[in-house]
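A quick write-up on the structure given underneath.
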Amino acid sequence: MRESTSFMPSGSASGADDDLWSGVRAGAAPLLLTLVVGALMAGLTTLARVVAAPLGFLAWQPIIIVIWVVGLLLTAAVYAIGMTRAWRQARGWQAAGLARRAAGAWWALGAATLIVLLPVILALALPQHPAP
Amino acid sequence: MSTQDTRPVPGAQVSGAPAPAEASRGARPAARRVVAALLLIAGLLTFSYAGVSTYIATKLVYAPPKPLVGDPSQSGLTWAPIAFPARGDGVMLKGWVIPGVLPDGRLTDDRTLILVHGTRTNRTDPAAGLLKLSVALARQGFAILAFDMRGTGQSPPAPLSLGYFEQRDVLGAVDFIHHGPWPYPELGRPRVIGGWGVSMGAATLLLAAAQEPAIRAVVSDCAYADIVPILQREIPSQGGVPPLFTPGTLVAAFGIYGVNYFAVRPVDVIARIAPRPILLIHGSVDNYIPPANMGELYAAASAAPNAHVQQWLVPGAKHAQSFNTLGVTYVRRVVDFFTAAFGPDQSAG
């Protein structure tokens, strides 16, 4: 007698695991982290400017520029790594049948795209009134 | 012994494997790729925008200082070098004091005028004729305190903020007149202080006078009412970039240097100068700071109770060229304005 075997693949869906909002949180986390890192680097630039002011402008300007640029690069790196991980995580959930969780993550990543693009959108959309 | 047919039944589900309908729920592969592409494009666009804006901001706030061109002794006038700290942040500024010369040849500092130059130049600005004007006013009996604003001339390097930080320099000049080591102690401290400024210097003077009642009368030549529209024109034209980079540049300038160009709005504060008299001058063919700026400043200043405001549109004069265009006529108008405000020289004979 040959018995059929059944198995449950690891991480298969159950109702409790397939939660939309946990997916949204996971998709939004990289953006929040990016914003926090960006704000911290901007604050660090301001602090460095205040501390370095007694050195004179020609001395503190390069220091501040380096901090600012490194801050931009760091923020970009946090963004890239965080979004990549969230994207792969969402794909993994989808493959595991956690469709609702994956959907939450996809929507959050889509919203993150818009938020990240917001400075450029505002720069294009906000009216300017240049002098003639 | 019995056997069971273990061949799969078409349409039946194998236990444990997801149904075809469940496997297709959620983002299609194409949609996932679209999201990935959008995330990549958004990041590239925004961080590139930030990088370019940062670069432009560094060019906006710094220019190598220009050397002084001449000094008052070339016109036979006595003068003394001075140094004083800006109010608030203590940036040490360099300048000079030229005593006024009365008709009988006596020196005086009874009525002292602070001369405030324009952006990216210094107290001798040959283009605007600042040294010549200083000499001319001194010969009319007004002492002149002219100095190099931060980041210009002989003063130390500093971010050029089009008036945002420079107003502290003008206030420092007032403090020096009141409390500093006055180079002509035998003449006594000045009785009254007036201000004359050109272009950014005029705007800076207006910002300073609005918060310092000791500046008793103001001549503003070719000031802007609000610097942002000027920057919205100049950043694309000088930077060779699309206008969309202007907001990013202004934000970067604030983040890196602490310069808030949105606060450089003399039109918002000029009314506070009242009842002290103001003479607004502008060239009729000024294509750098449009003459409409004088109209805006005049309207704002006139709105104050007890306002004493005059405006003078100089025919045929380009930006900061009213003195060069009119010469003696210009000097006479300015002298008459300050004499009406301060009265005649009252120094002891």
Side-chain angles (χ1 to χ4, degrees), chain A residues 1-9 12-13 34 42 45-46 49-50 53 56-58 61 64-65 67-69 72-73 75-76 79-80 83-84 86-87 90-91 93-100 102-103 106 109-110 112-120 122-124 126 128-132, chain B residues 1-4 6 14-18 22-23 25-27 31-32 35-36 38-43 45-47 49-51 53-54 58 61-62 89 150-151 156-159 224 228-234 236 243-248 251-252 255-258 287-290 292-293:
Chain A
M1 183 167 96
R2 192 171 165 181
E3 295 179 352
S4 62
T5 57
S6 64
F7 71 97
M8 296 291 287
S12 65
T34 302
T45 303
T46 302
R49 186 175 67 242
V50 172
F57 177 68
L58 291 181
Q61 187 189 219
I64 302 308
I65 297 291
I67 293 175
W68 180 265
V69 172
L72 269 180
L73 293 173
T75 307
Y79 169 84
M83 293 299 177
T84 301
W87 188 89
R91 188 180 59 178
W93 287 332
Q94 188 169 328
L98 297 168
R100 286 171 53 82
W106 294 128
L109 286 170
T113 303
L114 281 176
I115 292 170
V116 167
L117 262 179
L118 202 56
V120 180
L122 286 175
L124 281 167
L126 286 176
Q128 294 190 32
H129 305 285
Chain B
M1 179 188 283
S2 63
T3 60
Q4 288 187 337
T6 59
V14 176
S15 164
E22 286 182 286
R25 220 180 291 162
R32 292 202 300 267
V35 171
L38 286 175
L39 285 169
L40 177 64
I41 291 169
L45 277 178
T46 297
F47 288 104
Y49 179 80
S53 299
T54 296
T58 62
V61 301
Y62 179 73
D89 56 15
R150 61 185 64 203
Y224 38 78
V228 169
I230 308 298
L231 291 174
Q232 287 174 339
R233 182 193 68 206
E234 290 297 302
L244 80 96
F245 284 97
T246 300
V251 169
I256 301 171
Y257 300 100
N287 59 1
Y288 188 69
I289 309 290
N293 281 262

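Chain A is the first sequence line, chain B the second, and so forth, proteins listed ahead of strands; every chain is numbered from 1.
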**Study point:** chain B contact via A:Thr75 - which portion, at a heavy-atom distance below 4.5 Å
**Key:** both
Practice item. Flag the one option from B:Gly258, B:Gly51, B:Ala158 with the top tally of heavy-atom pairs under 4.5 Å to chain A. Key: B:Ala158
Check your understanding: What option among B:Gly248, B:Pro243, B:Pro159 has the most heavy-atom pairs under 4.5 Å with chain A?
Key -> B:Pro159
Check your understanding: Any idea which of B:Pro156, B:Pro247, B:Ala292 has the most non-hydrogen atom pairs under 4.5 angstrom with chain A?
Key -> B:Pro247
Practice item. Hey, could you give me the OG1/CD1 distance between B:Thr46 and A:Ile115, rounded to the nearest 0.5 Å? Key: 11.5 Å
Practice item. Can you tell which part of B:Pro290 gets under 4.5 Å to a heavy atom of chain A, answering side chain, backbone, both or neither? Key: side chain
Review point. Cation over ring, B:Arg150 on A:Phe57, under 6.0 Å and within 45°?
Key: no
Point to revise | Residue, of A:Met83, A:Gln128, A:Gln61, that accumulates the most heavy atom pairs under 4.5 Å with chain B | key: A:Gln128
Exercise for review: Taking the side chain as every heavy atom from C-beta outward, state whether A:Arg100 and A:Trp93 have any pair of such atoms under 4.5 Å apart.
Suggested key: no
**Study point:** Test side-chain contact (heavy atoms from CB on, under 4.5 Å) applied to B:Tyr62 and A:Leu58, step by step
**Key:** CA-CA 10 Å; B:Tyr62 179 73; A:Leu58 291 181; 4.0 Å; yes
Study note, to complete from the structure: Under 4.5 Å to a heavy atom of chain B? For A:Ala76 that would be both
Review point. With sequence neighbours left out, what residues match B:Phe245 under ring-ring contact (aromatic ring centres under 6.0 Å, His included)?
Key: B:Tyr49
Exercise for review: Verify, without hydrogens or angle tests, whether A:Arg91 (side chain) and B:Arg32 (backbone) share a donor-acceptor contact under 3.5 angstrom.
Suggested key: no
Revision key, fill the gap. Applying a strict 4.5 Å limit to non-hydrogen atoms, the region of B:Tyr257 in contact with chain A is both
Point to revise | Max heavy-atom pair count under 4.5 Å with chain A, selected residue of B:Ile41, B:Thr54, B:Leu40 | key: B:Thr54
Check your understanding: Who passes side chain to side chain contact (heavy atoms under 4.5 Å, CB included) against A:Leu73, sequence neighbours left out?
Key -> A:Val69
